[in-house]
Structure formats: structure tokens, C-alpha cells
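Written out below as C-alpha cells is the structure these notes cover.
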There are 2 protein chains.
Amino acid sequence: MLSSSSKYAVNAVLYLAVHSNDKNKIRAKEIAEAIKLPSPFLSKLLQSLSRENLISSSKGPTGGFYLTKQALNTPLIEVVNIIDGTSRLEDCVLGLKKCSSEQPCPVHYSVQPLKQKFRKELQENISVFAEKVKNGEAYLFV
Amino acid sequence: MLSSSSKYAVNAVLYLAVHSNDKNKIRAKEIAEAIKLPSPFLSKLLQSLSRENLISSSKGPTGGFYLTKQALNTPLIEVVNIIDGTSRLEDCVLGLKKCSSEQPCPVHYSVQPLKQKFRKELQENISVFAEKVKNGEAYLFV
DNA sequence: AAAAATTAAGACAATTAAGTCCCAAAATTA
DNA sequence: TAATTTTGGGACTTAATTGTCTTAATTTTT
Ligand code: FES
Ligand code: FES
């Protein structure tokens with residue numbers, strides 16, 4: 001559904017949403033340990049997100065990654081879009097060149113509305129999902 | 001969502017459902033040409049399905065692959081289960097070890113019901129989807 | 001100004017998925 | 001029975017994804 005890289009990135013971003021702000025930056029290594037991930041690999045994902053300005057970073061001692069308040073109001077799906085591209089969630093389930101009702105595949109009408117809802121659910125802002133973790137309604141990296 | 005192999009396999013099975021029966025077997029090569037796929041690769045997928053008795057085959061001249069009437073009444077999702085295994089559609093979207101409401105990930109309640117509906121839609125028998133192709137309501141390999 | 005800590009970038013390695021090839025086994029035809 | 005045609009199975013190759021390592025750039029501390 002999502003690539004492994006995307007899953008890691010979403011977890012990391014939500015970890016930042018819960019634990020960081022512009023006064024409290026978090027090093028890649030710390031996130032990697034928290035979400036049990038190889039730290040060099042996570043670094044690369046964080047760099048991609050930073051390059052696209054979805055997360056912020058600063059170098060040197062006391063440096064690290066963090067989310068601005070503005071970033072908290074970004075749809076979570078942006079993380080996936082940056083890492084995986086959009087097509088993964090939009091393409092035809094059976095591999096037709098284009099998913100459309102003009103040339104629908106046999107499962108189109110069964111499945112396309114669900115794909116659309118899926119994307120819509122992930123349009124919810126990062127802060128909404130982060131709140132669930134803060135409230136103890138949801139868990140990261142279990 | 002599905003692996004490429006699974007997509008190919010579903011297409012091929014639906015092609016068989018539409019065009020074959022126990023009197024009219026179809027060679028791997030013919031299917032491969034129809035759905036524009038490398039024939040050796042498709043052969044391997046068909047062999048996997050045949051080994052699990054989802055499709056039938058016979059060797060030699062006039063041989064080929066076909067679906068029995070019984071096979072037509074198999075849920076389409078079985079094709080995916082044989083090629084991809086079940087976990088791809090059941091695992092946690094964010095990669096938690098287990099998808100459950102006891103330890104839900106932040107997107108669980110947004111997404112898990114959709115995953116479940118997705119699987120349910122694909123529980124429909126192969127014949128149901130094949131009918132859509134016969135009626136011209138749906139298309140294969142466009 | 002020098003040392004230390006951190007992100008940035010890109011080359012490199014390992015693993016997995018996708019695709020190819022070869023030969024054996026079985027069935028048909030002649 | 002011999003030749004032909006097809007599936008069956010496994011080894012092999014290629015491509016994509018995942019993961020590692022090294023070095024440079026930037027910032028802070030001393
Ligand atoms: S055409 Fe296949 S999912 Fe829409
Ligand atoms: S726990 Fe993540 S989708 Fe259910």
C-alpha cells in the first residue's frame with residue numbers, strides 16, 4: 001500500500017510532531033532509536049522531507065529536525081507524496097494505464113471509491129494524527 | 001497496493017474466465033500476447049496458480065490453461081493470496097507489527113475499515129468480474 | 001581560531017522483486 | 001515409436017528498492 005520508506009517517513013514525521021518544536025530540535029539518531037530504524041537510512045528520508053520544506057532542520061550542536069506550526073497543518077499525505085510520489089495511490093489496481101470510468105477495469109467500481117476515501121482520510125493534517133498519539137489513543141513504532 | 005505479479009495474474013485469470021473452458025484451453029503464449037506481457041514470466045505465474053489448483057492445465061498439443069466451472073466460483077482475492085500472500089492487504093499501513101484496535105497506529109481508525117472493505121469487495125467470485133468484461137462494462141489490459 | 005556536533009549529499013552494497021532461459025516431463029499427432 | 005507441442009521447475013540475470021558509508025558544509029562551544 002505504502003512503500004517501507006513512506007511508512008518510516010510518516011512515523012518519523014509524527015514523532016517530530018509529538019516531540020519537537022522550533023525550540024526543541026531532535027537529532028536523526030534519536031528518532032532512529034525511538035522508532036527502531038537504521039539511522040543513516042532515516043537520515044536520507046528526513047533530508048528528502050527537509051529539501052521539500054515539509055520539515056525543518058538546523059546543523060551543528062543543538063541542531064536537528066523539527067516541525068514548525070505551519071508544518072503541523074500540512075496534510076499527512078504530503079509525506080507519502082514526497083517519498084513515494086502520488087501515483088501509488090491513484091493508479092489502477094489491476095495495472096491499466098489509466099484509472100477512469102471511461103475504461104474501467106473489472107474491479108474499478110468495487111475499489112476506486114475506496115482508494116479515493118483512503119486518500120481523503122490521509123488529507124487530514126499532521127497535527128490531527130499527532131494529537132491521537134499525545135492522547136494515548138494511538139501508538140507509533142510498536 | 002498489489003504487486004505487479006498479482007496484477008498480471010488477476011488479468012490472466014479473468015482472461016481465462018472470459019475465453020476458456022474445459023473444451024477450449026488457452027496457451028500461455030496466447031494469453032501473454034493478449035494482455036501484453038512477457039510470456040515466460042506469465043508462465044511462471046500460471047504455474048503457481050495451477051499448482052494451487054486455482055486454474056487447470058494440460059500439456060502437449062491442444063493443451064493449455066483453463067478454468068473449470070468450480071474455479072469460476074472462487075473469490076478473486078484467492079489469486080492475490082496465492083501470488084502475494086495475504087499479509088499485504090492485512091498489515092498495518094504504517095508498519096506496526098500487528099494491525100489491531102488494541103495498539104492502533106495513528107491512521108488505523110481512518111484506514112482500517114477501508115482496507116477491510118477492499119478485501120471484502122475482492123471476495124466476489126471470479127465469474128462476477130468476468131461477466132463485466134463479457135458485457136462490455138469493464139476492460140482488461142488497456 | 002580550533003574542535004566538536006550535526007545535517008547534506010552522493011557513491012556504494014545488499015536484498016528483494018521482476019523477468020529470462022534452459023531442459024525435463026507429459027500429451028498429441030503422425 | 002518418433003517428432004512435435006505444450007506445461008513444469010529451477011537456475012540465472014536484471015532492475016528496483018532498501019540500507020550503508022564516506023566526506024563536505026554548517027553551526028556551536030570553548
Ligand atoms: S480502472 Fe482499475 S481501478 Fe480504476
Ligand atoms: S494499526 Fe495501523 S492500520 Fe491498523
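Proteins come first, then strands; the chains are lettered A, B, ... in the order of their sequence lines, and each starts at number 1. Computed from heavy atoms alone, side chains included, the values below leave out hydrogens, waters and symmetry copies.
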What integer distance in Å separates Asp84(A):CG from dT17(D):C1'? 11 Å
As an exercise, state the distance from CD of Glu121(B) to CD of Gln112(A), rounded to the nearest 0.5 Å. 12.0 Å
Distance-only donor-acceptor hits, side chain of residues 38-45 of chain A, under 3.5 Å, sequence neighbours excluded:
| unit_1 | atom_1 | unit_2 | atom_2 | d |
| --- | --- | --- | --- | --- |
| Ser43(A) | OG | Ser39(A) | O | 2.9 |

In terms of hydrophobic clustering (I, L, V, M, F, W, Y; side-chain heavy atoms under 4.5 Å; direct or indirect links), are Ile35(B) and Ile83(B) co-clustered? yes
Length of the CG-C1' vector between Leu45(A) and dT18(D), whole Å: 10 Å
Check the hydrophobic clustering (I, L, V, M, F, W, Y; side-chain heavy atoms under 4.5 Å; chains of links allowed) and say if Leu114(A) and Val80(B) are grouped together. yes
Please say yes or no: joined through hydrophobic side-chain contacts below 4.5 Å, possibly via intermediate residues, are Val79(A) and Ile77(A) part of one cluster? yes
Who is the Watson-Crick or G-U wobble partner of dA15(D), with both distances under 3.5 Å? dT16(C)
Let me know the distance between CG of Asn53(B) and P of dG8(D), rounded to the nearest Å. 11 Å
Ser3(B): side-chain hydrogen bond (donor to acceptor under 3.5 Å, both in side chains) partners, not counting sequence neighbours: Asp84(B)
Whichever of Ser3(A) and Ala28(B) has its nearest DNA chain D nucleotide further upstream toward 5': Ala28(B)
So which atom in Met1(B) and which in Arg88(B) form the shortest heavy-atom distance, rounded to 0.1 Å? O-NE, 3.4 Å
In residues 8-18 of chain A, what donor-acceptor pairs under 3.5 Å come from side-chain atoms, sequence neighbours left out?
| unit_1 | atom_1 | unit_2 | atom_2 | d |
| --- | --- | --- | --- | --- |
| Asn11(A) | ND2 | Lys7(A) | O | 3.2 |
| Asn11(A) | ND2 | Leu94(B) | O | 3.0 |

What nucleic acid atoms does Ser43(A) come within less than 4.0 Å of, heavy atoms only: base, sugar-phosphate, or nothing? nothing
Before you tell me yes or no, could you show the steps for Glu90(A) and Cys99(A) under side-chain contact (heavy atoms from CB on, under 4.5 Å), namely the whole-Å CA-CA distance, both residues' side-chain angles and the distance that decides it to 0.1 Å? CA-CA 7 Å; Glu90(A) 289 173 1; Cys99(A) 172; over 6 Å; no
Shorter than 3.5 Å, N or O on both sides, protein versus nucleotides 19-22 of chain D: list them out with atom names.
| unit_1 | atom_1 | unit_2 | atom_2 | d |
| --- | --- | --- | --- | --- |
| dG19(D) | OP2 | Tyr8(A) | OH | 3.4 |

Report yes if the side chains of Leu89(B) and Phe118(B) come closer than 4.5 Å at any heavy-atom pair, otherwise no. yes
On DNA chain C, reading 5' to 3', which nucleotide is the first and which the last to sit with an atom under 4.0 Å from a heavy atom of chain B, could you check? dA18(C) to dT29(C)
Here the gap from Gln47(A) atom CD to Phe65(A) atom CZ, rounded to the nearest 0.5 Å, amounts to 6.0 Å
Could you list, one pair per line, each protein nitrogen or oxygen that sits under 3.5 Å from a nitrogen or oxygen of nucleotides 23-30 of chain D, together with the distance?
| unit_1 | atom_1 | unit_2 | atom_2 | d |
| --- | --- | --- | --- | --- |
| dT26(D) | O4' | Lys59(A) | NZ | 3.4 |

